[in-house]
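By convention in this document, chain letters (A, B, ...) are assigned in the order of the sequence lines, proteins followed by strands, and residues within each chain are numbered from 1.
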Amino acid sequence: MDAVLSLTRSRPGAGRLVPLLLIAAALGFLLLFLLLPLAAVFVEALRKGLGTYTAALVHPEAIAAIKLTLLVAAIAVPLNTVFGVAAAWAMTRFAFRGKALLGALIDLPFSVSPVVSGLIYVLLFGAQGWFGPWLLEHDIKLIFAVPGLVLATIFVTLPFVARELIPLMQSQGSDEEEAARVLGAGGWQIFFRVTLPNIKWALLYGVLLCNARAMGEFGAVSVVSGHIRGLTNTLPLHVEILYNDYNYAGAFAVASLLAFLALITLGLKTFLEWRYGSELAAKAPRGH
Amino acid sequence: MARRVLPGFGLSLGYVLTYLGLLVLLPLAALAVKASGIGLAGLWNTLSAPPVLAALKLSFGAALVSALINAAAGLLVAWVLVRYSFPGRRLFDALVDLPFALPTAVAGIALTALYAPKGWIGEWLVPLGIKVAFTPLGVLIAMIFVGFPFVVRTLQPVLESLDRDIEEAATSLGATRLQTFLRVLFPLLLPALLTGFALALARAVGEYGSVIFIAGNIPMKSEILPLVIVKQLEQFKYADAAAVGVIMLALSFVLLLAIGLLQRWSRRWAER
């Protein structure tokens, strides 16, 4: 159905007042609750001038936080991408017992509080955890160190790619791949020549959302980081530290970087939906 | 279905199970074992401590109210985005996803800047005797922000697929616009609305980053449950932290189950 219906045609004979009031109320809510906080980030970031703004961004601790954020995302996102593709392949190309349970398990991290997501790794690898004594003996540090940040980030972003691919590959069916098989193609050949071209935009879409969450995650990494400046602080944690130091201009300057990232993500996401909407699967409700 | 025409079943499923086992199941097992270590009496002691109980009430109470507000606002916004055309509609549509894309810490300090007594919005509310930042009301505002997109995004596809003939039929039979909405459209939208409500609720209950800045975190007053876990961890009370974590997880499971049932119900509804 054509989603855009002109206002005058929306209800022949009916007044225009009700639609106008509804539009005004909806846009008012969006402006007040969504746009205003976004605007506040940039205004507060520049409140003390451009000099303070750039100084906060080139500060060694900020640079270290940027590098660490990029590093964590560079490990977590590819791992979850491969996992998402494998999960979608297993879930949509074969029938097996317990498939529904597996699907629920893949979605599980979305319904776990970020703090609990961090907590479970502390209980596993922390000094008092299951593997704590063994790790201590071998001088391996996972919690309050970079590996802990990576683990927590993998956990919270685990479902993103799988969630985009599973409904799409389900609706596409496996006819093309089976045809390729009959014609003598090998497994990897089928994947790279048939499957991948069919799912590439949905894959990109999932990676985009996965990356945004990986770079912006706060609660889970906060629990496992130990907040060691310059060593285990990602960008969101650096925002918190500056904020708690009453360095508001600095906190908002670093926050504006993350807000830029969010805007770029939204822009690319909207572009993908607009340009390749039909290749991103039937619009299913999505959330995280 | 015995046909396994395509290759890679063992490889993909094996990889997926190993990955999930190591990264999801093993850590969750550690949580369950740690929490069970203190026994039922210990669990009860931890949960009935007044600060924990107060945080439990605040987290679930505020999350419930925020999800109700988001259900109403989400219905309005989804309706307007699907049914009317106006300048900037696509832009506003994209804006709905902002809470998904904006890191929670950023949202937290931005909301605090707005609602603090000297903030853009706070300075107008203080003369009216309304304090938002550093009160439970601040917790509510942050939860509304993070949960907002869920209802809109679950309702939009349903609204788009509605056959407008039904409404025209109702109108031609003499129903008023309000009657048509309440008696014809609302029952069709209800399953999706409930799903969005449950998703927003689940997200709000567990939310941490955007809440802790604006909440002020006053024990017994504006302290949320995830923060209780963080504080217990800082005091090295691992078993207590695990106990609260298990309770949060158990309640999330109940919500997840409810979402699953609602989705099944909504599908059956749509097929009728």
Side-chain angles (χ1 to χ4, degrees), chain A residues 1 3-7 10 19 22-23 25-26 29-30 33-34 36-37 40-41 44 83 86-87 89-90 93-95 105 108 111 113-116 119-121 123-124 128 130 154-155 174 177-178 181 187 212 216 218-219 236 239-240 243 251 255 258-259 262 265-266 270 283 285-287, chain B residues 1 4-9 12-13 15-16 19-20 23-24 27-28 30-31 34 73 76-77 80 82-86 92 94-95 97-98 101-107 109-111 113-114 144-145 150 153-154 157 160 199 202 206 208-209 226 229-230 233 238 241-242 245 248-249 252 256:
Chain A
M1 190 189 78
V4 185
L5 289 153
S6 97
L7 198 67
S10 67
L22 290 178
I23 293 174
F29 185 91
L30 290 176
F33 276 87
L34 301 187
L36 212 54
V41 174
E44 293 291 330
F83 166 77
W89 184 262
R93 293 298 178 256
F94 307 103
L105 205 59
L108 181 69
S111 41
S113 170
V115 168
V116 177
L119 169 71
I120 55 178
Y121 289 104
L123 294 177
L124 206 55
Q128 292 190 21
W130 279 7
I154 289 177
F155 184 90
S174 54
E177 281 122 353
E178 280 163 22
R181 182 69 173 165
F218 177 75
V239 169
E240 184 196 24
Y243 192 84
L258 289 165
T265 304
L266 281 185
T270 309
K283 286 286 279 182
R286 69 171 57 91
Chain B
M1 190 166 73
R4 253 172 214 160
V5 184
L6 295 173
F9 176 67
S12 61
L13 190 64
Y15 179 72
V16 166
Y19 198 84
L20 283 173
L23 287 162
V24 177
L28 286 175
L31 177 76
K34 190 79 189 175
L76 171 72
V77 169
V80 164
V82 172
R83 286 304 172 95
Y84 306 126
S85 85
F86 49 89
F92 280 105
L95 185 66
D97 278 333
L98 181 73
L102 195 68
T104 54
V106 178
I109 64 169
L111 290 172
L114 290 179
I144 292 175
F145 180 85
F150 290 100
R153 292 302 183 227
T154 42
E160 274 163 13
L199 288 170
Y208 177 71
I229 296 180
V230 170
L233 272 180
Y238 288 93
M248 288 198 70
L249 214 56
S252 298
L256 200 71

Can you find a pair of side-chain heavy atoms, one from [X] and one from [Y], that are under 4.5 Å apart?
X        : Y        : result
A/Leu108 : B/Leu28  : yes
A/Phe29  : B/Ile144 : yes
B/Leu23  : A/Phe155 : no
A/Phe33  : B/Leu111 : no

With chain B as the partner, which of [options] has the greatest number of non-hydrogen pairs under 4.5 Å?
options                              : value
A/Leu34, A/Val41, A/Val239, A/Leu258 : A/Leu34
A/Ala25, A/Ala259, A/Ala26           : A/Ala26
A/Ala212, A/Pro236, A/Gly216         : A/Gly216

If you look at every heavy atom in [X] and [Y], which pair is closest and at what distance?
X        : Y        : result
A/Gly219 : B/Tyr208 : CA-CD2, 3.6 Å
B/Val16  : A/Ala86  : CG2-C, 3.7 Å
B/Gly206 : A/Ser113 : O-OG, 2.7 Å
B/Pro7   : A/Gly187 : CG-CA, 3.5 Å
B/Ala110 : A/Ala40  : O-CB, 4.3 Å
A/Phe94  : B/Leu6   : CE2-O, 3.2 Å

Which portion of [X] sits near chain A, non-hydrogen atoms under 4.5 angstrom:
X        : result
B/Leu114 : side chain
B/Ala107 : neither
B/Phe86  : side chain

Looking at [options], which one has more heavy-atom pairs under 4.5 Å with chain A than the rest?
options                      : answer
B/Leu98, B/Leu95, B/Ile109   : B/Ile109
B/Ser12, B/Ala94, B/Ala242   : B/Ser12
B/Val24, B/Val230, B/Thr104  : B/Val24
B/Ala241, B/Pro226, B/Gly209 : B/Pro226

Is chain B contacted by the side chain of [X], its backbone, both, or neither, given a heavy-atom distance below 4.5 Å?
X        : value
A/Tyr243 : side chain
A/Glu44  : side chain
A/Phe83  : both
A/Ile154 : side chain

Handout entry: B/Asp97 CG to A/Thr270 OG1 distance, which is reported to the nearest 0.5 Å
Key =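 The CG atom of B/Asp97 sits 7.5 Å away from the OG1 atom of A/Thr270.
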
Completion exercise
For B/Tyr19, the side-chain hydrogen bond (donor to acceptor under 3.5 Å, both in side chains) test, sequence neighbours excluded, returns A/Asn80

Practice task
Look at the side chain of B/Tyr15 and the backbone N and O of A/Ala87, then say whether any donor-acceptor pair between them is shorter than 3.5 Å.
Solution key: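 No, B/Tyr15 side chain to A/Ala87 backbone: no donor-acceptor pair under 3.5 Å.
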
